[in-house]
Amino acid sequence: MSAPGERESPKDNGGAFVDSPVASLDPGAAKAEIDRLTVEVTQANHAYHGEDAPVLSDAAYDALKRRLAELETRFPDLKRSDSPTERVGATPSETFDKVSHRVRMLSLENAFDAGEIDEFDTRIRRFLNLDAGEDLTYTAEPKIDGLSLSLRYVEGVLVQAATRGDGETGENVTANARTIRDIPKSLPGAPAVLEVRGEVYMGHDEFQDLNARQTREGLKTFANPRNAAAGSLRQLDAGITAARPLHFFAYAWGEMSEPLADTQFGALDRLAAFGFQTNPMTRECKGTVALLAAYAEVEQKRATLGYDIDGVVYKVNSLALQQRLGFRSTTPRWAIAHKFPAELAWTRLEKIEIQVGRTGALSPVARLAPVTVGGVVVSNATLHNEDYIAGRDAKGNPIRGGKDIREGDWVQVYRAGDVIPKIADVDLSKRPEDARAFDFATELARLGLRGLRPEGESVWRLAEGQIPPEVAIERLNHFVSRGAFDIEGLGPRQIEMFYADDTLPIREPADIFTLARRDARNLSRLKNRDGFGERSAGNLFQAIEDRRKISLNRVIFALGIRHVGENAANLLARHYGSWTAFHHAMISAGAGEGPAWDDLLAIDGVGAVMAASLVGTFAQAAERASIERLAEELDVEDSRRPMTEGSPVAGKTVVFTGTLEKMTRAEAKARAEALGAKVAGSVSAKTDLVVAGPGAGSKAKQAEALGIEMIDEDAWLRLIGA
DNA sequence: GTGCCTCGAGTTCC
DNA sequence: CTCGAGGCAC
C-alpha cells in the first residue's frame, strides 16, 4: 500500500539506498522519516535479538540506524522517546522499564500424582506440629496457563502493572494492563496499598480468531494461547494490546497495607468484591481426599472451560498458617501445583550428538524429527548423560522400564515442566534391526575428544587441558553475562564473531580489555566492518571501558570456575575483601593443607570440593596466566570490610535459627559479619541476639530460658537497615 | 550417616 | 525448569 511518490522502504533495496541530504529536509518530511525509521530499527532490533530471523543485513541495519541518528542530531525536537539509537543491542526486555517487586513473585512446587500430594500434606503437618487426626483445610483452584501479572493499587487507584520477570524484577506494562477489561482501574474501599496478582490469559475462541486475523493481515500467527497472551501484553504500543482479547483472573497478592481476610478463600472473596474475576471453580477442601476430588472435577471440565489450564493449585487456607510455614528460596511451603500429565508425542530419533558445555561437561542431545508437543514444535531433547541413554539412573535403577535409547528409535517426547523436551518412552518393536547401542567413549573418540567420567559421577567431561573453540566461546559468553561483566553490545553473536576474527580476535577475557588498543594499531578498523559504524564501535569500546572498574565478586564469578557460582563468588569476595588477597590465597593454598587452605575451608558455604576446584584452577599454569593477564587490565574494587563503627550489631554474638525467608543462612551470616557481628551456631549465655524464623525449635526455647533477646527476620533486617 | 535444602550447571524454545 | 551434587544440620 504505497502512496504515489512515497519513497520505498530502505530495506527493499538493501543498504545501497540514497537519501536526501539531511540538511535539506523540511521538518515535516524529517518527522515522517524519523517516525518510520524509529519503527523499522526497533523492529529489526526485536527480530535480531528475539525469536524471528533477522530481517536486515548488518550493513542495511547499520545504514538505517546511522541515518536515524543523523536526523535526530539535526532535528533534536523530533527525536522520539522510544528511539532505538540510545541503546546498543537493545533487547526486548530493555524496551520496558524494569520494576522491582516489593514482595517477590515466587513459583510453585510441582506434583504429578496423589502420592506427592500426600507428601505435601505430611510435610506441612510435620512442620506445624499438627495432630495426626485432624484434616487441614486447603483451597483448590485451576492453574491458568497464561502469564502472571502484579497490579499495584495505591489509595485504590491502579498505579503500576508488572510482569513476573525473574521473580525479583519484572517489566512495567502499566499502559498495556490498563487496556484489559477484567482489570479494574480503581478499587473503591481498598487498603491504602494493595498489590493484586493473577494470570493474564486468552480464551480458545479468541485465540483462533486472533490467529485468523493475523493470517489475513499477513502477520505471524501464535503457537498457542499462552504465547498469544504474552505477545499481546508485551506490545510497545498499548493500542495493539487494547485490540487483543485478554482476560485476567486474580488469585494472590503481594504487598498490602492491611490483610484482606483470615483465609485464602476469604481473600479471594474480597478480591471478587473489588471487581476482579476470580476462578469460579475454586473450592475449599478439608484433607487430601477432598483435594483429589477437586482435581478430578477440574480435570473432567478441562475441555469445556474455553481456556488453557495446566493443573490445579492447592494452598493452605489459613493465612496465619501460611505465614508460619513461610518460604523456601523460590517456593512457598504452603502451596503446590498438581499438574496434569504432560502431553506426549511419538517421533523418530534421528541422531544422538554430544555437546560441550562451558565447564567441559559433555552432554548428549537427541536430534528429533520435528514434532508438535503441547503447541510447540520440538526438534531437540536433552539426554542428560550416559546412564540416561542406557536406561538406568545414577543408582542403577531402571528408567523408562530399563529401555535404552538408540539412533533410529521411535521415541515418545514430552516437555518437562512444559518447557524442557525429554524422552518418556521408546517403542522397541519399531527399533531398526541395525540400531546399535550408543557408546559414549567410541563417539568421543570419533570426535577427536579425550573425555573421562570420574568415579561416582554421571557426567563425562573433557580431560584437562583441552579447550575446544565451543568451550572457549562459552566461557567468554559466561564472562560477559549478566551476573558477571555484563558488557553491553558484547553478546553471544559478537563473541562468536570476535573469536573467529583474525585481525582483532577475542580468545580469552583479557583480550576484551585490550581490544580498543589493538584496534587503534590496526589498519582494518572495527568501525569499517560490516555491522559496525563509527558510533557502534565507539559505543562498544566505551561499554568495555566502563567495566574496567568492577566489583570483586563479579570478577570471581566471571572466571567461571566450576562449583563457584554467583553465590559462592559473593562469599569469597566478602571473605577476602580484595583481589590481591584473593589471588594470593588461591596461589598459596597448597593441595589440601596449610593455613591458606584452612582459611578457605573455614568460609561458611565453602567445602572441600569447591576449595579444590578453586585452588586447582590457579595451579594450572595456563589458567593462572590467563587470569593474571586479565587482572592486569582491571581496576578491581575492594569488597566492603566489616564495619564496626556505627553498626548496631558490632561486637555482638548473633544466632540464626529456624527458616530464613529473605536470605540464605550463608548470606545472613556473611552480612552479619560484614557489620561486625559474630555469628554462632548455638545459643549460650554469651549470645546477645537470636534471630528466629518459622520452625525455630530448641534454640528458640533455650533463648527464652536464658532470657536472650529474640527477634524475627523482618525485625533483624530493619535493625541492620536492609 | 542420613536427609534436607540450595546452588550450580546444562538445556530448549520463544 | 530439572537434575546432580555440595554443604550442613540432626
Side-chain angles (χ1 to χ4, degrees), chain A residues 46-47 49-53 91-93 107-110 112 119 123 126-127 147 166-167 220 222-224 226-228 230-231 234 327-331 333 337 339 342 354-368 370 372-385 387-388 393-395 399 413-422 454 456-459 461 474 477-478 481 483 557 560-571 601 603-613 656-660 663-667 669 681-682 695 697-699:
Chain A
H46 281 240
H49 293 281
E51 57 272 24
D52 308 316
T91 58
S93 65
S107 50
L108 291 176
E109 186 189 342
N110 291 325
F112 291 92
E119 280 172 27
R123 216 163 45 226
R126 199 167 51 214
F127 199 96
L147 66 153
D166 63 1
K220 74 165 194 175
F222 295 98
N224 53 53
R226 181 179 44 183
N227 285 0
R234 297 178 79 260
F327 302 89
R328 283 177 294 236
S329 65
T330 59
T331 56
R333 279 197 193 77
K339 305 288 282 282
I354 294 179
Q355 286 184 351
V356 196
R358 149 173 89 80
T359 60
L362 300 160
S363 332
V365 191
R367 307 292 175 203
L368 309 167
T372 302
V373 194
V376 169
V377 178
V378 165
S379 45
N380 300 303
T382 176
L383 293 173
H384 292 298
N385 54 51
D387 293 345
Y388 188 87
D393 68 13
K395 293 185 197 103
I399 42 182
V413 183
Y414 70 104
R415 299 208 304 152
D418 283 332
V419 183
I420 313 285
K422 296 180 75 168
E457 288 187 24
S458 39
V459 177
R461 301 188 169 277
E474 282 309 307
N477 276 329
H478 170 78
S481 69
F557 174 60
I561 295 168
R562 194 145 92 91
H563 302 304
V564 182
E566 226 164 338
N567 220 280
N570 286 338
L571 294 175
L601 267 186
I603 302 173
D604 196 2
V606 177
V609 174
M610 196 194 294
S613 175
F656 292 99
T657 180
T659 314
L660 301 176
M663 50 196 171
T664 64
R665 281 196 109 66
E667 261 171 21
K669 185 173 177 189
S682 59
S698 61
K699 288 182 196 171

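Throughout, a chain's letter reflects where its sequence line sits, starting with A, and its residues are numbered from 1. Predicted model, so just to flag it, every value in this text is computed and none were measured.
Counting non-hydrogen atoms under 4.0 angstrom, A/Ala568 reaches the backbone sugars and phosphates but no base. Using a 4.0 Å heavy-atom cutoff across all strands shown, A/Val459 reaches no nucleic acid atom at all. Using a 4.0 Å heavy-atom criterion, one finds that A/Leu601 contacts no nucleic acid atom at all. If you check every strand for non-hydrogen atoms under 4.0 Å, A/Ala223 touches nothing.
Between A/Thr359 and the phosphate of B/dG8, there is no side-chain N or O to OP1/OP2 separation shorter than 4.0 Å. Residue A/Asn380 has no polar side-chain atom (N or O) positioned under 4.0 Å from OP1 or OP2 of B/dT11. Phosphate contact (OP1/OP2 of B/dC7, side-chain N/O of A/Asn567, threshold under 4.0 Å): present. Distances shown here put every side-chain N or O of A/Lys422 at or beyond 4.0 Å from the OP1 or OP2 atom of C/dC1. For the OP1/OP2 pair of B/dG10 and a distance below 4.0 Å, the side-chain nitrogens and oxygens of A/Asn385 include no atom meeting the criterion. Listed pair A/Arg358 / B/dA9 meets the phosphate criterion, a side-chain N or O lying under 4.0 Å from OP1 or OP2.
In this view, A/Tyr414 satisfies the ring pair (Phe, Tyr, Trp, His ring centres under 6.0 Å) rule with no residue, not counting sequence neighbours.
In this structure, the nucleotide among B/dA9, B/dC14, B/dC13 sitting nearest to the side chain of A/Asn227 is B/dC14. Listed candidates were B/dC14, B/dG10, C/dT2. Nearest to the side chain of A/Asn110 is C/dT2. Nearest nucleotide to the A/Ser107 side chain, out of C/dC3, C/dC1, B/dT12: C/dC1. Distances from the side chain of A/Ser363 to the nucleotides B/dT11, C/dG6, B/dT12 place B/dT11 closest.
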Donor-acceptor contacts, no H, no angles, side chain residues 355-364 of chain A, under 3.5 Å, sequence neighbours left out:
unit_1: A/Arg358; atom_1: NH1; unit_2: A/Gly560; atom_2: O; d: 3.4
unit_1: A/Thr359; atom_1: OG1; unit_2: A/Arg461; atom_2: NH1; d: 3.3

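With the nearest nucleotide of DNA chain B identified for both A/Val376 and A/Gly360, A/Gly360 has the one nearer the 5' end.
Distance CD1 (A/Ile561) to P (B/dG8): 13 Å, rounded to an integer number of Å.
For the pair A/Asn380/A/Arg367, a side-chain contact is recorded, criterion being any heavy-atom separation below 4.5 Å from C-beta on.
Nearest heavy-atom pair, A/Leu601 versus A/Ala611, reported as atom, atom and distance to 0.1 Å: CD2-CB, 4.2 Å.
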For the pair A/Arg333 and A/Arg123, evaluate side-chain contact (heavy atoms from CB on, under 4.5 Å) and give the outcome as yes or no after the intermediate values. CA-CA 9 Å; A/Arg333 279 197 193 77; A/Arg123 216 163 45 226; over 6 Å; no
